[in-house]
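A note on names: the letters A, B, ... follow the listed sequences, proteins ahead of strands, and every chain is numbered from 1.
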2 protein chains.
Amino acid sequence: MLRIMAKRSDKPDDRHYGGRGDPVRSMELLWRDRSAPARGRGPKPGLTVERIVTAAIDLADAEGLPALSMRRVAQRLGVGTMSLYTYVPGKAELIDVMFDTVCGEQDPIPWAEDWRERLELIARSTLGMYRRHPWMLSVMANSRPPLGPNSIANYDRDLRAVDGLGLTDLEMDSVVTMLAVYVQGAANTVVEAASTEPATGVSDQEWWETYGPLLAKVFDAEKYPTAARIGAVAGETYQSAYDPDHGFEFGLTRLLDGVAALIASR
Amino acid sequence: MLRIMAKRSDKPDDRHYGGRGDPVRSMELLWRDRSAPARGRGPKPGLTVERIVTAAIDLADAEGLPALSMRRVAQRLGVGTMSLYTYVPGKAELIDVMFDTVCGEQDPIPWAEDWRERLELIARSTLGMYRRHPWMLSVMANSRPPLGPNSIANYDRDLRAVDGLGLTDLEMDSVVTMLAVYVQGAANTVVEAASTEPATGVSDQEWWETYGPLLAKVFDAEKYPTAARIGAVAGETYQSAYDPDHGFEFGLTRLLDGVAALIASR
DNA sequence: TCCAATATCGTACGGCGTACGGAGACGACG
DNA sequence: CGTCGTCTCCGTACGCCGTACGATATTGGA
């Protein structure tokens, strides 16, 4: 009756860029039994899902999601491309497992007395995760996430941080989600800023020195006096168009102030 | 001395997914003189940059960024693929122009008396833009943005909304950026949620009905009581894992409460 | 009229995900 | 010990991608 992605899409690779895989296959992989080898009749497996996932994560960390290809992963493992398909149904499901694996590698976050500090620690830890694995930003799914053991553990940890503050269940969920969404957006900026210089070989200052004059030629400061004023101040202060780390902390403070107001109103 | 992307990267297409183009070429396109045809000697141009950009935007709207290819755009215009390169240096620069074009199509936002209402209107208008053009989320650049006329106009508009409230220039910039970052993150969720059903042919409810039992088999509710409780409540309330529109407004309220606290402290 | 300048675009290269099916390795059973 | 069923490994092929290159067609100016 109810089929969920029972068929692969007709066109190759038209699932979202860091796509969701077939839920059933993904769940089987995510919650797979890691203990029993349970060898059967054929030849010994030369690989494991773990080794493939690790190699894929290393590759994505080093060269980004666009460089993540089945060929490249197989190359890293010294096997033929198609051998991977013995262990993993396809690229999309592999990415689902990569996602949950990374979710599980965060250090345990110390339990602070203050809810505010707890949320700050979580936010910064998550930011650190995105820093180490920028491709996670392209894979993140907030609706219909691949519900692996580690991402669920994180969800539980986040909820416990706002439990017992007088919020309703729904408000707790909303606060936690809002924080995750904000961190995701801010991390996008932070990560992009960090990755641009190595990728282009041009520092922010150099970029600004070239772009600025280019812009000055065409930009009419009289038409947009506010943008001209603030843009100049921000550019001088940050030596670039924007300082993402400052932005992250600034936004986090405002956001938690807003949460404080909600809690106070209860 | 100072070269900014003077050469194309050696590998094809390793610029970011919705990549930045060569700044000089992009700026020439973005601020191009739209008036003068200034015909010279050769055959009449059969296309315009505008037509190409429009076709590209239509394609990206309809089928997403992964489907945006030079071949497909050319197909839509009834020309050979390589003809596009007469008008546009490459795909990356085309995307830069698409970006700024979309930035310019927002309706003018009415000027509200209350700063808070002004920011709400901007946030919702921006969300609407992301709804109409989900691919903009994959193209958004917060550091080193392609500074076209329209994105600058929007920046100015945003700043004017928080001018004269007693904030410093830097704080104004931070507030505006924070709002943009939040909307970006939240829009990610909203847009993803809206696009998942048509893309997969599975409604949220159907998905939940299949996924839920699948999860129930492996999820240990006693290990994560908080997640189990809240997840169940949220699932029942939203008939899915999450209601993104509610999340957007909830987060926006908290965020503006935080801004209000900042303004009050001045 | 003829040429310089411009527009058009076919071909080619090396990449991608993965369907398909053959080949070889191994354990269980006769 | 042979044989068969099962499993692993993976070469090949298809149709996509961006775009460098260079041939060809079209036009206006001299």
Atom-pair distance (CZ on R72(B); P on dG18(D)), nearest Å:
11 Å
Does dC16(C) have OP1 or OP2 sitting under 4.0 Å from an N or O in the side chain of S69(A)?
yes
With nearest nucleotide decided by heavy atoms, which residue, L68(B) or G46(A), maps closer to the 5′ end of DNA chain D?
G46(A)
So, Q106(A) versus S125(A): side-chain donor-acceptor pair below 3.5 Å or not?
yes
Checking dC17(D), dT8(C), dT8(D) against the side chain of P43(A) (C-beta onward), the nearest is dT8(D)
Which whole-number value in Å describes the distance from R71(B) CZ to dG15(D) P?
14 Å
Atom-pair distance (CZ on R41(B); P on dT27(D)), nearest Å:
15 Å
Rounded to the nearest Å, what distance is computed from the CG atom of residue L59(A) to the P atom of nucleotide dG15(C)?
14 Å
Could you tell me whether K91(A) and D96(A) have a side-chain N and a carboxylate O separated by less than 4.0 Å?
no
Would a 4.5 Å heavy-atom cut-off, applied to side chains only, mark D100(B) and P149(B) as touching?
yes
Let me know which of I95(A), L30(A), V97(A), V139(A) forms a side chain to side chain contact (heavy atoms under 4.5 Å, CB included) with P146(A).
L30(A)
When you measure from the side-chain N and O atoms of Y87(B) to the phosphate of dT8(C), is any distance below 4.0 Å, counting only OP1 and OP2?
yes
Selection from dA7(C), dC10(D), dG17(C) that lies nearest to any side-chain heavy atom of M70(A)
dG17(C)
Remember a base hit wins even if backbone is also touched, and classify G42(A) as base, sugar-phosphate or nothing at under 4.0 Å, heavy atoms.
base
Length of the CG-C1' vector between L84(A) and dA19(C), whole Å
15 Å
Consider the side chain of S83(A), meaning its heavy atoms from C-beta on, and name the nucleotide among dC9(D), dG17(C), dT19(D) that approaches it most closely.
dC9(D)
Picking from dT8(D), dG17(C), dG28(D), the nucleotide nearest the side-chain atoms of K44(B) would be dG28(D)
Please give, in whole Å, the distance from dA7(C) C1' to L77(B) CG?
15 Å
With a 4.5 Å heavy-atom cut-off, do L68(A) and W135(A) have their side chains touching?
no
Out of dT12(D), dA12(C), dG10(C), which has the shortest distance to the side chain of M82(A)?
dT12(D)
Send over the distance from L94(B) CG to dT19(D) P, rounded to a whole Å.
10 Å
Write down the distance between CD1 (I95(A)) and P (dT18(C)), rounded to a whole number of angstrom.
9 Å
